[in-house]
Amino acid sequence: MTQPLIQFSDDQATAYDSVTQLLRQAGVDLDDGLLHPPRGDAGVMAVIGKAGSGKTLLLAELYKALEQAGVEVVSGDYESRKKTGKRTLAILAPTNKAASVLRLRGVPATTIHRILYTPVYDPEFERIAEWLAGNGDEPEIEGLTPEALARAAAFYERNKSIPGALAAAGLRGSDFITGWKRREEPLDVGFVDEASMLDDRQFEDLKEIFPTLLLFGDPAQLAPVNQSGAMVFDGLPEPRKLVLSRIHRQEADNPILDLAHALADPQLGFEDFERMVEDTARRDPRVVWGQRVEVDLMARSPVLVWRNATRIRLINAFRSVHGAPEDALIEGEPLICDGIELPLKHRKKRLDLEARGLIKGAQVIYLGPGRKPGFSRLHVMGAEDPQVSAASIVKIEKPDEEEPFIPYAARMGATFLHGAAVTIHKAQGSQWETAQVFAPDIYAAARMGRVEAGQPLWKRLAYVAITRAQERLIWVVRNRLAKPSGPLRVDDLRAAPVAALTLEAEEEATI
């Protein structure tokens with residue numbers, strides 16, 4: 001059996017060995033550290049398990065083993081034109097927020113979109129990228145001092161991000177990225193985290209690009225909309241599905257995971273579950289029995305709800321207590337990207353927006369108006385280069401009104417809904433240090449008695465919502481809102497050392 005460097009549970013070790021065998025079929029031998037030319041399609045395999053089963057740990061250890069064997073990681077930042085003949089690995093997640101969770105664990109993840117569409121670099125600055133990637137000598141670039149290049153090299157050594165390194169040298173994304181193109185050539189090995197979020201079209205795209213594809217997903221989460229409760233890995237043959245059980249370690253005791261896993265009990269009703277939450281809150285500060293929604297958390301950690309009416313009501317209450325005018329946003333208000341509204345002839349502009357992180361479900365913070373009407377300056381949460389200025393259509397929904405109010409509207413561009421509260425479905429793939437779950441909505445789902453994929457809907461909703469909390473869970477039981485302790489802030493976001501990627505100059509003529 002393969003002997004990884006850490007102590008795995010039995011099912012993790014079995015899964016590790018099964019993946020090792022799959023990779024050996026593809027020509028990557030982790031036992032001997034030998035890389036052979038690709039041997040055809042090894043196919044798709046899935047590692048599935050509920051929260052706390054060790055999926056992310058297994059992904060991270062497999063990444064380390066592949067890197068040690070000499071496999072080159074494709075990050076989505078930049079790919080050398082020089083053909084190295086190396087075997088490659090790309091680690092993907094559906095959203096920037098999900099990818100950032102992996103990056104915080106030292107895993108160089110990027111979004112699916114950044115692999116499907118690759119950046120085109122300005123030839124002058126491509127020389128810096130080649131040097132950082134180890135494929136050339138240190139260049140001499142007009143306007144960049146040796147000290148600036150040294151800062152870029154130091155950043156790249158720590159983070160392996162070409163855009164981040166160029167930003168450390170004082171460059172903006174619009175200086176070195178001239179456009180985006182659809183990937184034409186296939187890659188090699190792909191790992192996809194949060195695979196329960198994949199829809200059928202994304203899955204087919206990924207299979208076209210990766211002859212060897214490994215999915216990591218949670219079968220207890222909510223399936224993508226319009227997929228009848230099914231997830232893409234459900235249709236795989238049983239030998240290709242590796243199931244992990246929860247790891248029970250005393251030192252890793254986690255009351256949030258305890259609550260999530262308790263939902264698997266078919267005899268557990270909603271009232272019994274709430275008593276369990278209340279009892280847990282009495283003995284552990286990581287679970288809070290909340291009598292009100294904490295408004296101070298809503299700007300960066302939205303309240304998780306089931307019903308749209310609840311979401312809209314909480315958003316308007318948030319705006320009201322912060323004194324936000326009805327006809328404008330104030331700096332620091334959270335938004336959720338709801339897609340891109342551009343006709344087909346503006347396909348390149350759509351790619352620009354999406355590649356900069358403005359994909360459906362992305363969480364952003366409003367930093368103020370852009371230089372032109374209809375543009376907004378935004379901070380994309382979880383993105384490696386989060387500062388963006390883009391044509392925006394912002395929709396503020398009102399209770400009992402069919403049409404939303406639109407305080408900012410370019411004719412075309414990225415569309416946004418307010419993000420102080422989001423549906424549990426849209427929260428999938430994201431995690432926050434503290435998550436607030438609006439329990440009256442879960443109760444409403446329980447009263448309806450709906451079932452999804454053989455499981456009561458309220459349990460699936462509660463499971464997904466609870467597992468969005470990394471450190472602390474607030475189970476809000478009353479329809480009340482706390483008063484803010486101070487105004488919304490953006491100073492911490494503006495201070496971040498990032499590249500300000502702007503689309504204003506490029507789109508001035510048409511948007």
Side-chain angles (χ1 to χ4, degrees), residues 50-53 218 220-222 246-298 300-307 309-311 313-314 317-318 321 420-428 430-452 455-485:
K50 293 184 179 180
S53 61
D218 186 337
Q221 291 200 17
L222 296 159
R246 184 181 175 190
I247 301 170
H248 292 277
R249 295 195 184 101
Q250 189 62 37
E251 66 272 20
D253 174 58
N254 186 325
I256 298 170
L257 290 182
D258 289 341
L259 291 170
H261 284 265
L263 291 162
D265 181 357
Q267 304 303 316
L268 185 71
F270 180 82
E271 291 79 6
D272 295 331
F273 179 71
E274 279 218 313
R275 282 196 293 271
M276 190 180 293
V277 175
E278 192 171 13
D279 290 343
T280 303
R282 290 193 186 101
R283 65 176 184 269
D284 198 307
R286 289 173 288 181
V287 175
V288 178
W289 183 261
Q291 296 291 328
R292 60 189 182 182
V293 174
E294 296 298 330
V295 72
D296 285 342
L297 294 173
M298 293 173 70
R300 304 290 172 85
S301 177
V303 183
L304 306 181
V305 305
W306 175 48
R307 297 176 292 192
T310 306
R311 178 180 63 85
R313 190 171 67 249
L314 285 170
F318 171 87
V321 298
V422 301
T423 62
I424 294 168
H425 230 121
K426 280 194 175 180
Q428 285 195 139
S430 296
Q431 282 191 307
W432 295 274
E433 184 175 322
T434 298
Q436 298 188 85
V437 180
F438 194 71
D441 264 23
I442 309 294
Y443 174 67
R447 288 288 300 272
M448 290 183 67
R450 283 175 52 182
V451 174
E452 184 178 293
Q455 178 85 339
L457 177 61
W458 79 265
K459 287 188 175 183
R460 296 181 78 94
L461 291 168
Y463 176 87
V464 172
I466 286 170
T467 53
R468 299 312 91 201
Q470 291 174 308
E471 302 292 339
R472 192 168 67 122
L473 167 70
I474 302 178
W475 186 262
V476 181
V477 297
R478 302 188 70 178
N479 189 17
R480 290 182 175 180
L481 192 71
K483 292 181 179 180
S485 61

Write down the atom of [X], the atom of [Y], and the distance for their closest heavy-atom approach.
X: Leu268; Y: Trp458; value: O-CZ2, 3.8 Å
X: Arg460; Y: Leu222; value: CB-CD2, 3.9 Å
X: Gln431; Y: Thr467; value: NE2-O, 3.0 Å
X: Leu304; Y: Arg468; value: CD1-CG, 3.7 Å
X: Ala264; Y: Lys50; value: CB-NZ, 3.3 Å
X: Asp441; Y: Trp306; value: OD2-N, 2.9 Å

* With Arg292, which residues qualify under salt bridge (charged side-chain N to carboxylate O under 4.0 Å, His left out), at least two apart? ->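 Expected list: Glu294.
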
* Excluding sequence neighbours, so at least two apart, what forms salt bridge (charged side-chain N to carboxylate O under 4.0 Å, His left out) with Arg480? ->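 Checked Arg480 against salt bridge (charged side-chain N to carboxylate O under 4.0 Å, His left out); zero matches.
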
Would you indicate whether the side-chain heavy atoms of [Y] and [X] approach each other to under 4.5 Å?
X: Gln436; Y: Leu297; result: yes
X: Ile442; Y: Ile424; result: yes
X: Met276; Y: Leu259; result: yes
X: Gln428; Y: His425; result: yes

Please list, chain by chain and in numerical order, all residues satisfying side chain to side chain donor-acceptor pair (under 3.5 Å) with [X], sequence neighbours excluded.
X: Arg313; result: none
X: Arg311; result: Asn308, Glu397
X: Lys426; result: Asp338
X: Asn479; result: none

Return the set of residues passing side chain to side chain contact (heavy atoms under 4.5 Å, CB included) with [X] (not counting sequence neighbours), or none when no residue passes.
X: Ala469; answer: Ile256, Ala435, Leu473
X: Ser301; answer: Trp432
X: Pro255; answer: Thr280, Asp284, Arg286, Val287

* To do: For Phe438, check ring pair (Phe, Tyr, Trp, His ring centres under 6.0 Å) against everything at least two apart and list the hits.
  =>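 With neighbours one apart ignored, the set is empty.
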
* Which residues pass the ring pair (Phe, Tyr, Trp, His ring centres under 6.0 Å) test with Tyr443, sequence neighbours left out? ->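 In terms of ring pair (Phe, Tyr, Trp, His ring centres under 6.0 Å), with neighbours along the sequence ignored, Tyr443 is linked to Phe270.
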
* Quick one: pull up CG in Leu461 and CZ in Arg307 and give me the separation to the nearest 0.5 Å. =>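 So the gap between those two atoms works out to 11.0 Å.
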
* So, the side chain of Asp296 versus the backbone of Ser485: is there a donor-acceptor pair under 3.5 Å, distance only? ->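 Checking the backbone N and O of Ser485 against the side chain of Asp296, a donor-acceptor pair under 3.5 Å is found.
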
* Can you list every pair that meets salt bridge (charged side-chain N to carboxylate O under 4.0 Å, His left out) and has a residue in residues 255-281, with sequence neighbours left out? ->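 Residue pairs passing salt bridge (charged side-chain N to carboxylate O under 4.0 Å, His left out), neighbours aside: Arg246-Asp258, Asp272-Arg275, Glu278-Arg282, Asp279-Arg282.
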
* To do: For atom CD of Glu433, decide whether the heavy atoms of other residues, nucleotides or ligands shown that lie under 6.0 angstrom number more than 12.
  =>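 Result for CD/Glu433: open.
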
* To do: May I have the step-by-step check of side-chain contact (heavy atoms from CB on, under 4.5 Å) for Val303 and Phe318, ending in yes or no?
  => CA-CA 11 Å; Val303 183; Phe318 171 87; over 6 Å; no

